[in-house]
Amino acid sequence: QVQLVESGGGLVQAGGSLRLSCVASGTIFSMHTTGWNRQAPGKQREFVATITSSGATNYADSVKGRFTISRDDIKNTIYLQMNSVKSEDTAVYYCGDYATDYWGQGIQVTVSS
């Protein structure tokens with residue numbers, strides 16, 4: 001059974017930083033493309049970042065230069081380091097494994113201005 005669990009969300013001031021974590025069981029992150037999406041209130045879920053099995057990364061233009069996705073293969077965990085956050089980054093963030101199409105339950109990130 002595949003399970004992805006996010007942590008690290010919460011309330012942060014604009015301009016601050018936050019790091020999200022996503023630990024997996026039942027799948028091996030290092031073998032697949034994994035990543036983060038987000039859904040803001042009243043909006044559709046949107047792509048944030050991905051990391052491939054070889055470590056190549058890709059980012060949405062809206063977060064490029066501010067967010068960094070990374071992976072710890074020993075811990076079977078991916079991270080999203082969020083710097084210089086803005087109010088428009090407020091959303092529920094989901095981690096996912098694109099090969100298995102399993103996604104976490106989501107975690108709230110709220111940026112206060």
Side-chain angles (χ1 to χ4, degrees):
Q1 181 181 355
V2 177
Q3 189 173 18
L4 280 61
V5 179
E6 302 100 339
S7 62
L11 179 65
V12 59
Q13 286 191 331
S17 297
L18 205 62
R19 189 177 82 155
L20 305 183
S21 301
C22 174
V23 61
S25 57
T27 186
I28 301 175
F29 271 168
S30 62
M31 296 180 66
H32 305 149
T33 294
T34 58
W36 296 88
N37 289 347
R38 68 186 181 185
Q39 186 166 18
K43 295 187 177 181
Q44 290 189 332
R45 190 178 295 197
E46 64 176 6
F47 162 76
V48 175
T50 54
I51 183 167
T52 68
S53 57
S54 62
T57 57
N58 189 33
Y59 298 93
D61 288 343
S62 58
V63 307
K64 202 171 294 184
R66 300 187 298 119
F67 290 9
T68 302
I69 187 171
S70 61
R71 188 180 67 224
D72 185 325
D73 293 343
I74 295 175
K75 296 182 179 179
N76 204 28
T77 299
I78 61 172
Y79 303 95
L80 186 68
Q81 178 67 45
M82 305 168 61
N83 297 331
S84 302
V85 296
K86 305 174 181 179
S87 57
E88 50 262 45
D89 295 322
T90 294
V92 177
Y93 285 73
Y94 300 88
C95 66
D97 182 327
Y98 284 84
T100 61
D101 202 24
Y102 278 94
W103 292 84
Q105 79 286 353
I107 192 163
Q108 179 69 46
V109 171
T110 302
V111 180
S112 63
S113 55

Side-chain heavy atoms of Cys95 within contact of Ile78, under 4.5 Å: yes

No-hydrogen, no-angle side-chain donor-acceptor test under 3.5 Å, Asn37 and Gln39: no

Results of side chain to side chain contact (heavy atoms under 4.5 Å, CB included) for Ser70 - residues two or more places apart only: Tyr79

Residue pair Val48 / Val63: nearest heavy atoms and the distance that separates them: O-CG2, 3.7 Å

Exercise: identify the closest heavy-atom pair between Gln3 and Val5: CG-CG2, 4.0 Å

Residues Lys64, Asp61: salt bridge by 4.0 Å N-O rule: yes

Partner set under salt bridge (charged side-chain N to carboxylate O under 4.0 Å, His left out) for Asp101, not counting sequence neighbours: none

From OG1 (Thr77) to CG (Leu4), nearest 0.5 Å: 9.5 Å

Within-4.5 Å side-chain heavy-atom neighbours: Tyr93 and Cys22: no

Residue Lys43 excluded, over 12 heavy atoms near NZ under 6.0 Å: no

Trp103 and Tyr98 aromatic ring geometry - parallel, tilted or perpendicular at 30°/60° bounds: perpendicular

Heavy-atom pair of closest approach, residues Ser112 and Leu11: CB-CD1, 4.1 Å

Partners meeting ring pair (Phe, Tyr, Trp, His ring centres under 6.0 Å) with Phe47 (sequence neighbours left out): none

Closest non-hydrogen atom pair between Ser17 and Ser84, with its separation: OG-N, 4.4 Å

Minimum side-chain heavy-atom gap Gln108-Thr90 below 4.5 Å: yes

pair Tyr59-Arg66: side-chain heavy atoms closer than 4.5 Å: no

Validation row: Thr57, Phe67 side chains within 4.5 angstrom (heavy atoms): no

Any side-chain heavy-atom pair of Glu6 and Leu20 under 4.5 Å: no

Backbone N/O of Thr52 and side chain of Arg71: donor-acceptor pair under 3.5 Å: yes

Exam field: side chain Asn76 to backbone Thr27, donor-acceptor pair closer than 3.5 Å: yes

Exercise: do Thr34 and Asp97 side chains pair donor with acceptor under 3.5 Å: no

Gap separating the CZ atom of Arg19 from the OG1 atom of Thr68, nearest 0.5 angstrom: 11.5 Å

Interatomic spacing from CD1 in Ile51 to CG in Asn58 - rounded to 0.5 Å: 11.0 Å

Distance-minimising heavy-atom pair for Ala14 and Ser113: CB-CA, 4.2 Å

Shared hydrophobic cluster, Tyr94 / Val23 (ILVMFWY, side-chain heavy atoms < 4.5 Å): no

Crowding at CD1, Ile28 (>12 non-hydrogen neighbours, <6.0 Å): no

Heavy-atom check, side chain of Ser53 versus side chain of Met31, under 4.5 Å: no

